[in-house]
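Take a look at the structure set out below.
Everything quoted here is computed from the prediction, not taken from an experiment. Both counts, for ligands and for their atoms, begin at 1 and track the order of listing.
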Amino acid sequence: MADVMEKIVSLTKRRGFFYPGSEIYGGVGGIYDLGPLGVELANNIKTAWWKNIVRERDNVVGLDSAILMNRQVWHTSGHVESFADPLVECKNCHSRFREDILPKSKNCPTCGKNDWTSARMFNLMFKTHIGPVEGEANETFLRPETAQGIFVNFGNVVDTMRVKLPFGIAQVGKGFRNEITTGNFLFRVREFEMMELEYFTFSEKAEKDFDYWQKERMDWHISLGLRKENLRFREHESDERAHYATRSVDIEYNWPFMGWGELEGIANRTDYDLKQHSKESGKDISYFDEEIKKKIIPYVIEPSIGVGRMMLALLINAYTEEKAPTAEKGESETRVVLKLRPGLAPVKVAVLPLVKDEKLIKIAKEIYKDLKKEWNVIYDEAASIGRRYRRQDEIGTPFCVTVDFDTLKDKSVTMRDRDSMKQDRIKIENLKKRIGEELN
Ligand code: GAP
């Protein structure tokens, strides 16, 4: 099963989903760039999340806070003190690893020896300086989570948006972690996008809301097409939880390279962060409850997931190899298909003239231009029609529209469905409506 990963890494590089960061200089550990198809996939995932979390609810608002924050934020939040992983060094080859994710044998993954230094805690935040002076007073960190931007703006949102408890503030944005050990492609990287919701609620309702969000989030993963049998909940033991959480449950995915592992985390952060910021900033960060006529500091339930990790799960879930007849000879060949939900596919439609004929090309280009106003559409006239279908299957394009010689007579085209490979004859004038319906 692990070779599925190799195939996905190779396909997504070859077809412009992901490139190793700064590749021409030999790359940089745990950093990937999104190519033209990767950025479309990421945007579709973020849009699906935003729609489900913000747009479709009347008690969640959005936010986009700055990556750089006052250094005090990270002291107050406990990240300077506690956002660290245990680091060990191999005494033989001096490779460094995160102690808690060493292989079961405890042998060094680089040289095979089992001779380690004792663990020391390594803080995962990237340090930087604001302004031209590099003194401690100007030091701050690249944010390791977007959540703190939400907490420090809690008062602003309450004052400006007339929100009523319980309500949520959602944010999608970059996070940075100087991970000791990166790897498994997009699974553990040093720069990644996060989709985070901080759901503020009454302390006495927090447990019920936790259960609610657990179910909501699992339903979302299933609605995006992840197979149920590869998803499960896992409750954290008390010694695994982040410093701010009293309860954490992961939504785990059954990864081909490691078995069950975290896809998304859901945490009960209590009133920890708001209380801390209130205390350290000296500002009153509370919510006035009209019913009981009292100020309260709400509890927070937080579902949080990385866009890259979600992309990886969706790609693994979608990657399919199956026997299919070739378009030309009717023989059987292996076709690779990314069976992504059509709404998530980076390219929605490919428009293809059957052969390089001027008249066919002219119509195909007109259709292409028209469809492009609505969706991300590709025009392709190179290679045989069979080869072009396979190229689209491989990147998950749900529909191929082919202009052939009959089109000149009946103003119709064929629309090929990626998964069934069935072809329907459709009037050009009805094409847009039909694709729109299929994508919904
Ligand atoms: N604010 C909560 C928080 O940061 P987390 O469990 O540390 O919680 C949330 O991270 C999610 O971010 C994870 O479930 C995972 O999807 C993603 N994530 C965390 N570290 C990552 C990394 N190094 N590379 C890729 N994704 C990561």
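Protein heavy atom closest to atom 6 (O) of ligand 1, with residue, atom name and distance, is Glu262 OE2, 3.0 Å. Closest protein heavy atom to atom 9 (C) of ligand 1: Ser304 OG, 3.1 Å. With respect to atom 2 (C) of ligand 1, the closest heavy atom belonging to the protein is Glu302 OE1, 3.0 Å. Of the protein's non-hydrogen atoms, the one nearest atom 12 (O) of ligand 1 is Gly306 N, 3.6 Å. For atom 24 (N) of ligand 1, the closest non-hydrogen atom on the protein side is Val189 N, 3.0 Å. The single protein non-hydrogen atom nearest to atom 25 (C) of ligand 1 is Phe187 O, 3.1 Å, given as residue, atom name and distance. Atom 18 (N) of ligand 1 has as its closest protein heavy atom Phe192 CE1, 3.6 Å.
Between Phe176 and ligand 1 there is no heavy-atom distance shorter than 4.0 Å. Not close to ligand 1: Gln148, with no non-hydrogen atom less than 4.0 angstrom away.
Separation of the Phe187 and Phe257 ring centroids falls under the 6.0 Å cut-off.
Between Phe167 and Phe154, the ring planes lie parallel to each other; the angle is under 30°, not in the 30° to 60° tilted range. Ring pair Phe185/Phe18 is perpendicular by interplanar angle, where above 60° counts as perpendicular and below 30° as parallel.
When Glu145, Glu264, Arg177 are checked for heavy-atom proximity to atom 10 (O) of ligand 1, Arg177 turns out nearest.
Atom CG of Asn254 is separated from atom CG of Leu263 by 11.5 Å, given to the nearest 0.5 angstrom. Between Leu224 atom CG and Met310 atom CE the span is 5.0 Å, to the nearest 0.5 Å. Going from atom CD1 of Ile378 over to atom CZ of Arg388 covers 12.5 Å, rounded to the nearest 0.5 Å.
With a heavy-atom cut-off of 4.0 Å, Met194 touches ligand 1 through its side chain alone. With a heavy-atom cut-off of 4.0 Å, Thr146 does not touch ligand 1 at all. Only the side chain of Tyr244 comes within contact range of ligand 1, with a heavy atom under 4.0 Å; no backbone atom does. Contacts with ligand 1 closer than 4.0 Å are made by side-chain heavy atoms of Arg269 only, the backbone lying farther away.
Nearest heavy-atom pair across Ser304 and Glu196 is OG-OE2, 2.7 Å.
Close approach to Glu196 involves these atoms of ligand 1, each under 4.0 Å from a residue heavy atom: 1 (N), 2 (C), 3 (C), 4 (O). Interface of Gly265 with ligand 1, defined as ligand atoms under 4.0 Å from a residue heavy atom, comprises 14 (O).
Side-chain contact, Gln171 with Ser65: a donor N or O sits under 3.5 Å from an acceptor N or O. Side chains of His221 and Glu264: a donor-acceptor N/O pair is present below 3.5 angstrom, by distance only.
The backbone N or O of Ala206 lies less than 3.5 Å from no partner atom in the side chain of Thr201, so there is not a single donor-acceptor pair.
By the 4.0 Å N-to-carboxylate-O rule, Glu290 lies too far from Lys164 to be salt-bridged with it.
Polar contact with ligand 1: present for Leu263 (N/O pair, distance under 3.5 Å).
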